[in-house]
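Numbering of residues begins at 1 and proceeds along the displayed sequence.
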Amino acid sequence: MTTSKKGLSRAAKGWIIGGSLALVLAGGYAGTAYALVGQIPHDTTVHGVAVGGLSNDEALEKLTAELGPLAEQPFDVAVDGESASIDPADAGLGIDLESTVSGYAGFTLDPVKLWQHVVGGSEVAPELTVDETKLAAALNAAAETLDVAPTEGTLEFDGVEPAVTEPVPGEKVAQDAAFGTVVERWFDPASTIELPTTTDPVDVPAEEFDRAVENLAEPLVADTVTVRAEGHSAKLSPELLAGAATFTAENGSVDLELDAEEIVESLGKDNSDLGVEPREARVVLEDGKPKIIPSKTGLRVSPKGLGEKIVAAANTQERSVSAEAEVTEPEFTTKDAEAWGIDEEILTFSTPYPKYDSVRTQNLKAGQRKLNGVIVKPGETFSLIGVLAPITKENGYFESGVVESGFSTTALGGGLSQISTQMFNVGWLAGYDDVEHRPHTRWFDRYPAGREATLWEGQIDMKWKNNTDTAVMIQAWVGQDRVYTRLWGTKHWDVKTSTSKHYNLTDPETKYNEADECVPESGGEKGFTVNNTRTRTSASETLPKETLTWTYAPWHKVVCGPPPGDDD
């Protein structure tokens, strides 16, 4: 079957005409959309920058020039007036201008955007980018400055009045909420961005301090507290209790502690029966003989648990504590003193002193006083300088004659070498070990030849060691024109000594001394060498024989001044 135009119905003609018109209109809409590609609607602004009518590239260039620097500017965030600066690049914050422009200059069939090309654009927000990890790190760093830590409260006594410093909660950045706030506002902060915060609570709330005042502090100082032990009692005043109190606020509560040692000391002062200090035994010289002063045990209230008992008692009507007492033993007891064995005279030694030098005699008396009563324990080394020093005027010494470098002169402590000779001889004759000594350069006939010792602080000491298992006490005095030294203890060694004849005699010479302090001497005594030998035997052993050898210089004639020349 065939048809012709002439045979078309009116309805068919209508559809053909309508369809054709629709195709024309659709083609026109799409053509318009294609015609607008690459062009920003007129009157369009991006963050205040006019880009309307510009091409895609022109708008991107303009926005990059004007908004790019703004996106690099640091901005401030704050909490209660405290601020911190954030660098957008470090925080992972930026703008995507290419995406911003392409959304309005690219091809679109969106009738709204097409309509904007006709009637004009509007303000467009730039596309923002964020690195969540970097922003979170930046906010954490800022919080270190912005967070305000809570201030914990305190409780203490002002006299006997409880004084509370109220706790103050802290404030810290609410990180999750702050993240959104910064992302929303960082590119256009009209002012500093105030960050949202959360409260950082205190460890111990204010009501806990109120409870501590009512239940602990006020009852403690309401009146005295009586402490009883061993049939004795003593009272603790409110002032003392307040002074011994310490309040500790932690883990949500306030606790009271009392310094038990301080309270125990106070109890002893209030009642001597509750504060008897232990007394160590002593060995002293009394009426010229050793005497043991017995030790004495001490008694005091035990500090163990005392503070807790007092705090509990302060909340009772009786305000009384039953405490334990403890006996304290001295470190050195009567039994220890008896074991020292200082109960017999071991030996006495003496030498004459020159009566014409009263200053020298004063030095002898000062030195002997310091020695008198000194105890050398078993195994201990006695040092004479350790007892007599310092050799100063303030320590009771005077300037007197000495021998220095072979010449007579004066020095502080002149004459103390006689005490050194005394102590060397008692140690030698008692059998103790010779540790250190040095005889004089020339011999003084008041001393045993080769068995004497000089002394010079900082250079020459006189030492011997107590090589027995008992102690020895020194008794020293000056009297009847002699210097005396006596040892008390337990005799251990049977000592035998012998002294050789003087040999290798040398004649004196004439010496010239140009020192300002020169003392002329007539000289005359020969020099010599001498040996001293001793043997020591005890109930259990005999020690090897030992010999000391010393050579003395002659007593030269001393002339003050330079030696004579050839013409003299």
Side-chain angles (χ1 to χ4, degrees), residues 150-167 201-281 294-334:
T151 301
E152 300 296 337
T154 61
L155 171 57
E156 58 187 1
F157 279 109
D158 181 5
V160 294
E161 293 296 326
V164 175
T165 300
E166 294 291 338
V202 294
D203 182 35
V204 182
E207 53 268 23
E208 174 61 16
F209 285 93
D210 295 338
R211 182 202 66 79
V213 169
E214 181 179 355
N215 297 340
L216 298 175
E218 290 178 343
L220 181 69
V221 296
D223 201 349
T224 60
V225 173
T226 302
V227 178
R228 295 183 170 84
E230 294 293 314
H232 306 286
S233 66
K235 291 184 179 298
L236 302 172
S237 68
E239 291 77 11
L240 185 139
L241 291 168
T246 300
F247 293 94
T248 304
E250 58 185 9
N251 299 324
S253 65
V254 179
D255 296 317
L256 167 61
E257 294 181 3
L258 295 178
D259 187 333
E261 288 292 343
E262 181 179 342
I263 291 173
V264 167
E265 183 178 348
S266 175
L267 291 170
K269 292 178 180 178
D270 185 70
N271 187 332
S272 59
D273 292 325
L274 292 177
V276 179
E277 291 295 326
R279 185 182 68 193
E280 295 189 0
S295 60
K296 186 176 181 180
T297 57
L299 177 70
R300 70 170 193 161
V301 173
S302 172
K304 185 177 181 180
L306 181 62
E308 293 83 347
K309 291 180 180 180
I310 292 173
V311 172
N315 282 281
T316 65
Q317 186 174 357
E318 295 78 10
R319 299 182 68 84
S320 177
V321 171
S322 294
E324 299 292 329
E326 60 183 24
V327 175
T328 53
E329 294 290 341
E331 292 186 11
F332 188 70
T333 66
T334 303

How close do [X] and [Y] get, counting heavy atoms only, and between which atoms?
| X | Y | result |
| --- | --- | --- |
| A323 | A229 | O-CB, 3.5 Å |
| A281 | S295 | N-CB, 3.5 Å |
| D203 | E152 | N-OE2, 2.8 Å |
| V264 | S302 | CG2-C, 4.4 Å |
| R319 | P219 | NH1-O, 2.9 Å |

### Task
Begin from the C-alpha positions of T328 and R300 and carry the test side-chain hydrogen bond (donor to acceptor under 3.5 Å, both in side chains) through to its verdict.
CA-CA 8 Å; T328 53; R300 70 170 193 161; over 6 Å; no

* State plainly whether the residues R211 and E207 are in salt-bridge range, i.e. N to O under 4.0 Å. =>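 Looking at R211 and E207, the cut-off is not met.
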
Might you work through the side-chain contact (heavy atoms from CB on, under 4.5 Å) test for V164 and E166, ending with a clear yes or no? CA-CA 6 Å; V164 175; E166 294 291 338; 4.0 Å; yes

Subject >> Test item: S322 side-chain N/O and R228 main-chain N/O as donor-acceptor pair under 3.5 Å >> reply: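 Judged by distance alone, no pair lies under 3.5 Å.
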
Q. Any donor-acceptor pair under 3.5 Å linking the side chain of R279 with the backbone of G298?
A.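 No; zero donor-acceptor contacts below 3.5 Å.
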
Using a 4.5 Å cut-off on heavy atoms from C-beta on, say whether the side chain of V204 contacts that of P167.
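P167 does not reach V204 side chain to side chain.
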
Student check: side-chain heavy atoms of E208 and P205 closer than 4.5 Å: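 In contact.
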
Residues forming a side chain to side chain donor-acceptor pair (under 3.5 Å) with T333, sequence neighbours excluded
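By the side chain to side chain donor-acceptor pair (under 3.5 Å) rule, T333 matches D336.
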
* To do: List in chain and number order the residues that pass side chain to side chain donor-acceptor pair (under 3.5 Å) with E277, two or more places apart in sequence or in another chain; answer none if no residue qualifies.
  =>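 For E277, no residue satisfies side chain to side chain donor-acceptor pair (under 3.5 Å) once neighbours in sequence are set aside.
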
Considering only distance and modelled atom types, tabulate donor-acceptor pairs under 3.5 Å from the side chains of residues 240-260, sequence neighbours left out.
from: D259; atom 1: OD1; to: E261; atom 2: N; distance (Å): 3.2
from: D259; atom 1: OD1; to: E262; atom 2: N; distance (Å): 3.1

Given I263 and L267, is the side-chain contact (heavy atoms from CB on, under 4.5 Å) satisfied, shown in steps?
CA-CA 6 Å; I263 291 173; L267 291 170; 4.2 Å; yes

Mind checking the [atom1]-[atom2] spacing from [X] to [Y]? Nearest 0.5 Å is all I need.
| X | Y | atom1 | atom2 | result |
| --- | --- | --- | --- | --- |
| T165 | E156 | OG1 | CD | 6.5 Å |
| N271 | K235 | CG | NZ | 11.5 Å |
| I310 | T226 | CD1 | OG1 | 10.5 Å |

* Got more than 12 heavy atoms from elsewhere within 6.0 Å of CD, E239? ->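 Correct, the count exceeds 12.
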
